[in-house]
Every structure is written in structure tokens, then in C-alpha cells.
Amino acid sequence: MTASVNASAASTCAASVTKASSAPKLHSRKRRKPSAGKLYVGLTIVGVFVLAALVSLVWTPYDPIGQDFTAVLQQPSATHLFGTDELGRDLFSRVMSASAIDLPVTLICTVLPCILGTILGLIAGYFGRTWDAIILRVGDLLQAFPQYVLMIVLVFVLGAGVPSLIVSFTIVGWVVYARLARTEVMRIKESQFIMAAKTSGFSTERILFRHIMPNVIRQIAIYLTSDLVFSVVALAAFSFLGFGIQPPTPEWGSLISSGQKFLGLAPWLVVIPGLTLTVFAFGLALIGDALQDRMVH
């Protein structure tokens with residue numbers, strides 16, 4: 001009798017231990033599912049825009065800059081899916097063509113400061129002293145001014161257009177990447193595997209780019225996705241203000257700017273490009289949020 005009771009108690013205890021040990025796994029699976037869902041939704045949204053941009057390079061329903069004064073300010077219909085503007089241009093074709101401009105320009109305006117800032121951050125964090133002081137002081141000087149104001153001043157001095165946008169985004173945007181990279185480098189440069197690499201006689205370039213860089217890139221990649229959101233919105237804002245991509249070249253910000261004159265008469269000229277910009281930025285934000293969740297958990 002006593003043996004059976006002990007056996008029953010032991011089995012109960014074992015079952016409870018098994019449940020307890022499996023509970024965190026189940027909980028972690030449940031926590032991973034939302035991040036995976038956000039990642040898939042974000043990738044799907046961004047993928048649709050990338051596909052539209054690629055298709056627009058070879059085909060659009062109408063000429064995106066062709067004028068048709070017999071179809072001025074037509075409402076969205078089967079003939080013109082998003083309607084037409086004040087010059088009779090098909091809005092759907094213009095939004096598609098704008099994707100082929102906004103996406104690559106946004107990517108360039110984000111990747112260039114990322115590369116520059118990461119390299120400067122590696123140098124500042126690894127070598128320290130004079131390099132660290134110079135890079136940090138320059139970064140502090142740039143961050144002393146409001147980001148948008150400094151970018152507007154740079155674009156105004158350099159002139160409107162894509163090249164000046166790329167230069168201004170790069171000059172202003174590298175600082176955050178440099179600080180992120182510097183912080184990570186200073187955290188790991190005294191680690192045992194880095195000390196072993198130095199002892200083995202590896203070159204500085206190999207230590208920086210083969211051993212330190214892989215440990216830095218995760219934080220940089222997460223911030224990069226959120227910075228893409230800022231870049232696409234900032235690019236649209238500059239075009240809206242007249243400092244960015246100039247008409248008649250279609251761009252989401254310039255489409256909103258030209259459409260606001262007819263907001264009461266033809267609201268789709270503002271609503272549709274605005275929703276397009278919002279959905280694309282939302283997709284990028286979902287990807288960044290999902291990557292951050294995966295890193296944390």
C-alpha cells in the first residue's frame with residue numbers, strides 16, 4: 001500500500017515537473033508567433049510594393065506623365081482605378097511609377113549613412129582616444145541641430161533633387177549608426193575571443209570585420225528597418241515642400257502636394273497617395289518590430 005502511494009506521488013511529481021518544464025517552451029512558442037506573423041505581414045506588404053515598382057519599369061496602364069484633357073479629375077472607376085488628376089493623368093499609373101522612385105531612393109538614403117556610420121563607429125570604439133573624440137565631437141555638433149532643419153538647410157544649399165537628398169541624408173543620418181556600433185564594439189572588444197584573435201596575430205581589419213562586425217550588425221539591422229520608415233516619410237515630406245523630386249516625375253510626396261489644391265473637388269488625389277505611403281511605412285515598421293521581438297526573445 002505504502003509503495004503504491006509512493007509510486008503515485010512520484011508519478012504525480014514527475015508529471016508536474018514535466019508540465020513545468022514544458023510550460024516555458026509553450027509560452028515561448030506563443031510569444032514567437034505574433035512576431036512571426038508581423039514579419040510575414042510586413043514582408044508581404046513590402047513585397048507587393050517592390051513588385052509594383054519592378055512592373056512599373058516595363059508596364060503601366062497609362063503613361064504616368066501623359067496628359068489627357070478629356071479625362072480631367074475623373075473619379076476612381078474601372079477605366080481609371082485611382083481616378084485622374086487635374087491634367088488627366090492616370091493616378092494608378094503615377095502611384096506605381098512613384099514606387100519605382102521612392103523605394104530605391106529611400107534605400108540609398110538609408111544604407112549610405114548606415115555604412116558610413118557603422119565604419120566610423122567601429123573605428124571610434126576599437127581605437128578610442130583621438131579617433132573616438134573626433135568622431136563623437138562631430139556627431140555631437142550635427143545632433144545639436146534639429147534633424148529636419150539641418151536637412152532642409154543642406155538641401156536648400158545643394159539644390160533640389162535626388163543627389164542633394166542623398167548627401168543630406170548621409171551627412172545627418174550616420175551619427176546614430178556610429179553611436180550604436182561604437183557602443184557594441186566597446187562592449188565586446190575586451191572579450192576573450194577578441195583577445196585570442198589579437199594574440200594569434202590577426203590583422204586589425206580582420207578583427208574588426210570578421211570578428212567584431214558580426215556581433216554589431218544585429219543591432220544595426222534592427223535600427224536600419226526603423227530608419228527606413230523615417231527615410232520614406234522624410235523623402236515624401238521634402239517632395240511635398242518642393243525640395244525633393246521635382247514634377248512631372250511622380251513621387252508620393254509631390255502627388256500629395258499637387259493634389260491638395262483640389263482636396264474639396266477630388267479628395268482621391270490626396271487620400272490615395274497618402275494611404276499608399278502609410279501602408280508602405282506600416283509594412284516596414286512591422287518588419288522592424290518583428291526583428292526586434294526575435295532578438296529580445
*For Ser99 and Phe49, indicate whether the former's side chain and the latter's backbone hold a donor-acceptor pair under 3.5 Å.*
no
message: Treating Ser93 as the side-chain partner and Asp63 as the backbone partner, does any N or O pair qualify as donor plus acceptor under 3.5 Å?
response: no
Q. Given the rule in the side chain to side chain contact (heavy atoms under 4.5 Å, CB included) test, do Thr225 and Leu291 qualify, once you have shown the distances and angles that lead to the verdict?
A. CA-CA 9 Å; Thr225 55; Leu291 292 177; 3.8 Å; yes
Heavy-atom closest pair (Ala160 atom, Gly244 atom, distance to 0.1 Å) is CB-O, 4.1 Å
Taken in chain and number order and not counting sequence neighbours, the residues that satisfy side chain to side chain donor-acceptor pair (under 3.5 Å) with Arg187 are Glu184
Practice prompt. Return yes when atom CZ of Arg206 has more than 12 non-hydrogen atoms of other residues, nucleotides or ligands closer than 6.0 Å, and no otherwise.
Written response: yes
Check: Are Met151 and Val153 connected in the hydrophobic side-chain network, where two residues link if heavy atoms are under 4.5 Å apart?
Finding: no
Tell me yes or no: between the side chains of Tyr62 and Asp68, is some donor less than 3.5 Å from an acceptor? no
Closest heavy-atom pair, Ile166 versus Ile108, reported as atoms and distance to 0.1 Å, is CD1-CG2, 3.7 Å
Would you check, one step at a time, whether the test side chain to side chain contact (heavy atoms under 4.5 Å, CB included) holds for Phe282 with Ile287?
CA-CA 9 Å; Phe282 179 67; Ile287 295 174; over 6 Å; no
Check: For the residue pair Phe169 and Phe230, does the interplanar ring angle fall in the parallel (under 30°), tilted (30 to 60°) or perpendicular (over 60°) class?
Finding: tilted
key: Audit row: Val172, Leu142, side chain to side chain contact (heavy atoms under 4.5 Å, CB included) steps and yes/no   = CA-CA 7 Å; Val172 175; Leu142 291 173; 5.8 Å; no
Check: Parallel, tilted or perpendicular for Phe193 and His211, by the 30°/60° rule?
Finding: tilted
Closest non-hydrogen atoms of Arg179 and Gly139, given as atom of the first, atom of the second and distance, are NH2-C, 4.1 Å
Is any side-chain heavy atom of Gln219 closer than 4.5 Å to one of Thr183?
no
Any side-chain to backbone donor/acceptor pair from Arg89 onto Ile65? Under 3.5 Å, distance only. no
For Phe262, is the CZ atom crowded, meaning more than 12 foreign heavy atoms sit under 6.0 Å from it?
yes
Q) So, Ser56 and Ser97: side-chain donor and acceptor under 3.5 Å apart, yes or no? A) no
Taken to the nearest 0.5 Å, the spacing of Thr84 OG1 from Asp90 CG works out to 8.0 Å
Inset, instruction - Would you check if Leu269 and Gln260 make a side-chain contact, meaning some heavy-atom pair closer than 4.5 Å? - result: no
For Ala100 and Leu57, the nearest pair of non-hydrogen atoms, with its separation, is CB-CD2, 3.9 Å
Test salt bridge (charged side-chain N to carboxylate O under 4.0 Å, His left out) on Arg137 and Asp132 and set out the steps.
CA-CA 8 Å; Arg137 295 296 80 79; Asp132 190 29; over 6 Å; no
Has Ser239 got a side-chain atom pairing as donor or acceptor with Ala236's backbone, closer than 3.5 angstrom?
no
Can you tell me if Tyr40 has over 12 outside heavy atoms packed within less than 6.0 Å of its OH? no
So CH2 of Trp131 and CG of Leu136: to nearest 0.5 Å the spacing works out to 13.0 Å
ask   = Is there a side-chain contact between Leu122 and Arg182, using heavy atoms and a 4.5 Å cut-off?
value = no
Are more than 12 heavy atoms, taken from residues, nucleotides or ligands other than Gln246, located less than 6.0 Å from that residue's CD atom? yes
CD1 (Ile212) and CD1 (Ile217) are apart, to the nearest 0.5 Å, by 13.0 Å
SG (Cys114) and CG (Leu224) are apart, to the nearest 0.5 Å, by 5.0 Å
Query raised in the report: Mind checking whether Phe280 and Trp252 have ring centres under 6.0 Å apart?
Result: yes
Gly283 and Val46 have their tightest heavy-atom pair at C-CG2, 4.0 Å
Phe92 and Phe82 aromatic ring geometry - parallel, tilted or perpendicular at 30°/60° bounds = perpendicular
Min side-chain heavy-atom separation Leu165-Val155 under 4.5 Å: yes
> Val232, Val48: one ILVMFWY side-chain cluster at the under-4.5 Å cut-off?
Replying inline: no
Under 3.5 Å donor-acceptor, Lys189 side chain and Ile194 backbone
no
Requested in this report: Flag the pair Leu228 / Thr106 as yes when at least one side-chain heavy-atom distance between them is below 4.5 Å, and no otherwise.
Outcome: yes
**Non-hydrogen side-chain atoms of Tyr177 and Thr110 separated by less than 4.5 Å** = yes
* **More than 12 heavy atoms from other groups under 6.0 Å of CZ on Phe209** => yes
Here the gap from Leu120 atom CG to Ile134 atom CD1, rounded to the nearest 0.5 Å, amounts to 11.0 Å
**Asked** Does Ile119 reach the side chain of Ile115, with side-chain heavy atoms less than 4.5 Å apart?
**Response** yes
Closer than 3.5 angstrom, by distance alone: can the side chain of Ser257 be matched with the main-chain N or O of Phe240 as a donor-acceptor pair?
yes
Q: Tell me, yes or no, whether the heavy-atom count around Lys198 atom NZ, taken from other residues, nucleotides or ligands under 6.0 Å, exceeds 12.
A: yes
Output for pair (Thr249 OG1, Arg94 CZ), nearest 0.5 Å, gives 8.5 Å
Does some side-chain heavy atom of Leu91 sit less than 4.5 Å from a side-chain heavy atom of Ile272?
yes
Quiz prompt | Cationic N near anionic O, under 4.0 Å, Lys261 to Asp85 | solution = no
| Quick one: does Ser164's side chain have a donor or acceptor within less than 3.5 Å of a partner on Gly161's backbone? | yes
